[in-house]
Amino acid sequence: MRKQILLALFPALMFLGCATDTAEKTQFAIEVSFSEQASSASLDGRLLLMLSNSDENEPRFQINDGLKTQLIYGMNVEGMAPEESMVFDEKVFGSPLPSLADIPAGEYFVQALLHVYETFELSTGHTVKLPMDNGEGQQWNRSPGNLYSKPVKVTISEDGVQNFGVVMDQLIPPITPAEDTEWIKHIRIKSEKLSEFWGRDMYLGAHVLLPKGFEEHPEAKYPLMIFHGHFPDDFGGFRTLPPDTDLEPDYSERFGVKGYNIIQQQEAYDFYKRWNEPDFPRFLIVEIQHPTPYYDDSYAVNSANQGPYGDAITYELIPHIEKQFRGLGEGWSRFLYGGSTGGWEALAVQVKYPDDYNGCFAACPDPIDFRAYCLTNIYADENAYYYESDFKKVEVPSHRDYLGHVHTTLREGNHRELVLGDKSRSGQQWDIWEATYSPQGEDGYPVRLWDKMTGEIDHSVADYWKENYDLRYIMERDWDKLGEKLQGKIHIYCGDMDNYYLNNAVYLMEDFLEQTTDPYYDGEVTYGDRAEHCWNGDPDQPNHISRLRYNSMYVPKIMKRIAESAPKGADLSSWRYK
């Protein structure tokens, strides 16, 4: 009997022994602090610890959703004092390996960074802590004022690592603003609407490209082309000189093109030459800077969590630009274009402000129908991360190449964001959609569309999104009021192998637009065969070329629209000089 009992207990004893060994092998304690020299004040923020097995760059620049991403772990800190140590152990959540205990033994480069938060007293009565943009376009790994450490090498053994310290003694310096040139002017205005919402002074900026002969033709007033997109540090794609002769050719991994830096400079110079041709229409082109504490870009609409950016841009910034640089200042003379985020914005602003703009050219737009929120139907699906199945657990992809090869999943991308910041504070893509589209929660932060850990969808939040930001639904719901205002103004372009599956929502939008009557929408929806993100409507050029020609490729269609729609007595001549 004793022998039988011992035999029965043997597996359990073995399991306990293995568990003990595992616990001993996975002990992690990495202490992170910052020096008095880096900051003498106590700080709030998101404390990040990164580990990389590659020394090609600092670990902070190797965190992404791709196959080559390195490791990152994060925690909130409040009132962290100089020299105070915070401990990263196995319980701190990370990505793509959830725990430090999951890291294979080996040599790693370790780096820490504190993404500093500031306190905002919102007009809604809420107090929130968020990272203020500091001129960089809301980028956690290079935002001025953030603290970081230089990379140091550590050996992680089978027993983990303990008593290892990282000191953040570096401070990211301020960014030097772009300077005005003969052609490009930079403006920055305080927005009264946004300042009231955020409880502090908030600013909007823009880079303005002046037309040829601006100074020589003071009588001229100009149409306005507004290029929406991610935060521009200066006006892009315009260069008055040929490519640098000593420029070392680089390689674009995204496009598989050698010497892409030279191609970019050549295209920028070619645009400068077209801009000066005698028959090229004289326009003002504007690139807007409107970063928020949630992202590099506000999405250019009014939002419960970000405030009235739509009204601020349309009724404060645009009139200011037109007054300073002699814009025509009327809806028929304003046009919107952009790709990806900018594509969604171009269409959304046209829909939300139909009388204030005369046409949008939306390339590869972010989801414009939330039945295809990339690969998720937020109204019908129960979970965003996994396909429904009784016996299988298949993850939903979130990025592919033009052959359909998948590089990451929706769950992986959202977990990386959760490491970078909770409460929609990561400054990344899925979080900004929540910050823009969601109602404000009781704590002052955006309400989650889905549980960030599990992917379970909150359909009450989905309904709020539908009524306020689902562009296809809004247009279909309100076509009796919007139809006449939008007729001839909508142009949408998308590759049918968009990396983020954005073409799926475009298909649904096209289905609606093609069945419109009284009036028919009278625009265009076009697809690029096997084209990836962000195809913008040119069937004759590869993606890596056409994306450099945004500022000129829609001009013929804009001129046609002006000729067909300008009101009687409109100024069609002062800006058409040679």
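Basis for what follows: all heavy atoms, side chains included, without hydrogens, waters or symmetry-related copies.
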Open item on the list: Would you say that Asp538 contacts Met553 through its side chain, given a criterion of any heavy-atom pair below 4.5 Å between the two side chains?
Closed with: yes
Task: For the student: nearest non-hydrogen atoms of Ser303 and Ala435, plus distance - done: OG-O, 3.0 Å
Open item on the list: Would you say Asn499 and Asp401 are linked by a side-chain donor-acceptor pair, where the criterion is simply a distance under 3.5 Å?
Closed with: no
TODO: Flag yes if more than 12 heavy atoms outside Glu442 fall under 6.0 Å of its CD atom; otherwise flag no.
DONE: no
Task: Backbone of Asp498 reached by a side-chain donor or acceptor of Arg400 within 3.5 Å - done: yes
TODO: Under the disulfide bond (SG atoms under 2.5 Å apart) rule, collect the residues that match up with Cys360, sequence neighbours excluded.
DONE: none
Open item on the list: Main chain of Ile175, side chain of Glu136: is a donor-acceptor contact present, judged purely on distance under 3.5 Å?
Closed with: no
TODO: Tell me yes or no: between the side chains of Gln266 and Asp270, is some donor less than 3.5 Å from an acceptor?
DONE: yes
- [ ] Can you see which heavy atom on Ser157 is nearest to which on Ala105, and at what distance?
- [x] C-CB, 3.9 Å
- [ ] Tell me yes or no: between the side chains of Tyr527 and Glu510, is some donor less than 3.5 Å from an acceptor?
- [x] yes
Open item on the list: I'd like to know if the side chain of Asn76 reaches the main chain of Arg46, judged simply by a donor and an acceptor atom lying under 3.5 Å from each other, with no hydrogens or angles considered.
Closed with: no
- [ ] Answer yes if the side chains of Gln306 and Ser298 hold a donor-acceptor pair under 3.5 Å, and no otherwise.
- [x] no
Open item on the list: Donor-acceptor pair, distance only, cut-off 3.5 Å: does the side chain of Tyr309 make one with the backbone of Thr292?
Closed with: no
Open item on the list: Other residues, nucleotides and ligands only: do more than 12 of their heavy atoms fall within 6.0 Å of CD on Glu56?
Closed with: no
Task: Exam field: side chain His459 to backbone Asp381, donor-acceptor pair closer than 3.5 Å - done: yes
- [ ] Count the heavy atoms belonging to other residues, nucleotides or ligands that lie under 6.0 Å from OH of Tyr402, then report whether that count exceeds 12.
- [x] no
- [ ] Answer with yes or no after comparing the ring centroid distance for Tyr473 and Phe370 against a 6.0 Å cut-off, counting only values under it.
- [x] no
Open item on the list: Check the orientation of Tyr550 and Phe227. Use parallel for under 30°, tilted for 30 to 60°, and perpendicular for over 60°.
Closed with: tilted
Task: Gln111: which of Gln62, Lys150, Glu58 passes side-chain hydrogen bond (donor to acceptor under 3.5 Å, both in side chains) - done: Glu58
Task: Expected output: side-chain Ser398 to main-chain Thr409 donor-acceptor under 3.5 Å - done: yes
Task: Donor-acceptor contact present, side-chain Glu456 to main-chain Glu382, <3.5 Å - done: no
TODO: For the residue pair Phe271 and Leu548, establish whether any side-chain heavy-atom pair is separated by less than 4.5 Å.
DONE: no
Task: Distance flag, aromatic centroids of His399 and Tyr500, threshold under 6.0 Å - done: yes
Task: Residues Arg477 and Glu467 bridged, charged N to O under 4.0 Å - done: yes
Open item on the list: Using the ring centroid of each side chain, check whether Tyr73 and Phe88 are separated by less than 6.0 Å.
Closed with: no
- [ ] Could you verify whether a donor N or O on one side chain and an acceptor N or O on the other, from Tyr493 and Glu524, lie under 3.5 Å apart?
- [x] yes
- [ ] Would you confirm whether Ser438, through its side chain, and Val447, through its main-chain N or O, come within 3.5 Å as a donor-acceptor pair?
- [x] yes
Open item on the list: Is it true that His230 and Asp296 share a donor-acceptor pair across their side chains at a distance under 3.5 Å?
Closed with: yes
TODO: Flag the pair Phe512 / Trp479 as yes when their ring centroid distance falls below 6.0 Å, and as no otherwise.
DONE: yes
Open item on the list: Using the rule side-chain hydrogen bond (donor to acceptor under 3.5 Å, both in side chains), only one of Tyr299, Tyr295, Tyr469 pairs with Trp433; which is it?
Closed with: Tyr299
TODO: Supply the atom-to-atom distance Lys258 NZ to Ile263 CD1, rounded to the nearest 0.5 angstrom.
DONE: 11.5 Å
TODO: Report yes if some heavy atom in the side chain of Leu513 is under 4.5 Å from a heavy atom in the side chain of Val525; otherwise report no.
DONE: yes
Task: Distance flag, aromatic centroids of His415 and Phe93, threshold under 6.0 Å - done: yes
Task: Separation between CG of Leu97 and CD1 of Ile103, rounded to the nearest 0.5 Å - done: 6.5 Å
Task: Pairwise side-chain contact, Val92 with Leu100, heavy-atom cut-off 4.5 Å (strictly under) - done: no
Open item on the list: We want to know whether Trp450 and Asn383 form a side-chain donor-acceptor pair, criterion being a heavy-atom distance below 3.5 angstrom.
Closed with: no
Task: Centroid-centroid distance, Tyr373 to Trp465, less than 6.0 Å - done: yes
Open item on the list: To the nearest 0.5 Å, what is the distance between CD on Glu287 and CG on Asp233?
Closed with: 9.5 Å
Task: pair Val166-Val154: side-chain heavy atoms closer than 4.5 Å - done: no
TODO: With side chain to side chain donor-acceptor pair (under 3.5 Å) as the test, would you mind laying out the steps for Ser340 and His533 before giving the verdict?
DONE: CA-CA 8 Å; Ser340 193; His533 192 73; 2.9 Å; yes
Task: Over all atoms of both residues, closest heavy-atom pair of Tyr554 and Ala363 - done: OH-CB, 4.1 Å
Open item on the list: When you measure from the side chain of Asn305 to the backbone of Thr436, do you find a donor-acceptor pair of N or O atoms at a distance under 3.5 Å?
Closed with: no
TODO: Run the salt-bridge test on Glu395 and Arg411 with the 4.0 Å N-O cut-off and return the result as yes or no.
DONE: yes
Open item on the list: I want to check something: taking the side chain as every heavy atom from C-beta on, are Arg60 and Leu113 in contact at a cut-off of under 4.5 Å?
Closed with: yes
TODO: Would you confirm whether the ring centroid of Tyr260 sits within less than 6.0 angstrom of the ring centroid of His544?
DONE: yes
Open item on the list: Against Asp431, only a single residue in Arg448, Lys423, Arg416 fulfils salt bridge (charged side-chain N to carboxylate O under 4.0 Å, His left out); can you say which?
Closed with: Arg448
Open item on the list: Within 45 degrees of the ring normal and closer than 6.0 Å to the centroid, is that where the cationic atom of Lys129 sits relative to Tyr117?
Closed with: no
Task: Spatial distance of atom CG (Asn141) from atom CD1 (Ile172) [nearest 0.5 Å] - done: 7.5 Å
TODO: Quick one: pull up CG in Leu347 and CE in Met509 and give me the separation to the nearest 0.5 Å.
DONE: 5.0 Å
TODO: Scan side-chain atoms only and decide if Thr408 and Glu412 contain a donor-acceptor pair under the 3.5 Å cut-off.
DONE: yes
- [ ] State, to 0.1 Å, how close Tyr501 and Val406 come at their nearest heavy-atom pair, and which atoms those are.
- [x] OH-CG2, 3.9 Å
- [ ] Output yes when a side-chain donor or acceptor of Asn414 lies under 3.5 Å from a complementary backbone atom of Trp430, and no otherwise.
- [x] no
Open item on the list: Which heavy atom of His228 sits nearest to which heavy atom of Ala300, and what is that distance?
Closed with: CE1-CB, 3.9 Å
- [ ] May I ask you to decide whether Arg549 forms a salt bridge with Glu267, counting only side-chain N to carboxylate O separations under 4.0 Å?
- [x] yes
- [ ] To the nearest 0.5 angstrom, please state how far the CG atom of Asn536 sits from the NE2 atom of His491.
- [x] 14.0 Å
Open item on the list: Tell me if the centroids of the rings in Tyr437 and Trp344 come within less than 6.0 Å of each other.
Closed with: yes
Open item on the list: If the condition is disulfide bond (SG atoms under 2.5 Å apart), which residues does Cys364 pass it with, not counting sequence neighbours?
Closed with: Cys534
- [ ] Consider only side-chain N and O atoms of Ser460 and Asp458, and report whether a donor and an acceptor are under 3.5 Å apart.
- [x] yes
Task: Polar side chain donor-acceptor pair, Tyr507 to Asp511, under 3.5 angstrom - done: no
Open item on the list: Can you list everything that forms a side chain to side chain donor-acceptor pair (under 3.5 Å) with Tyr445? Sequence neighbours excluded, please.
Closed with: Arg425
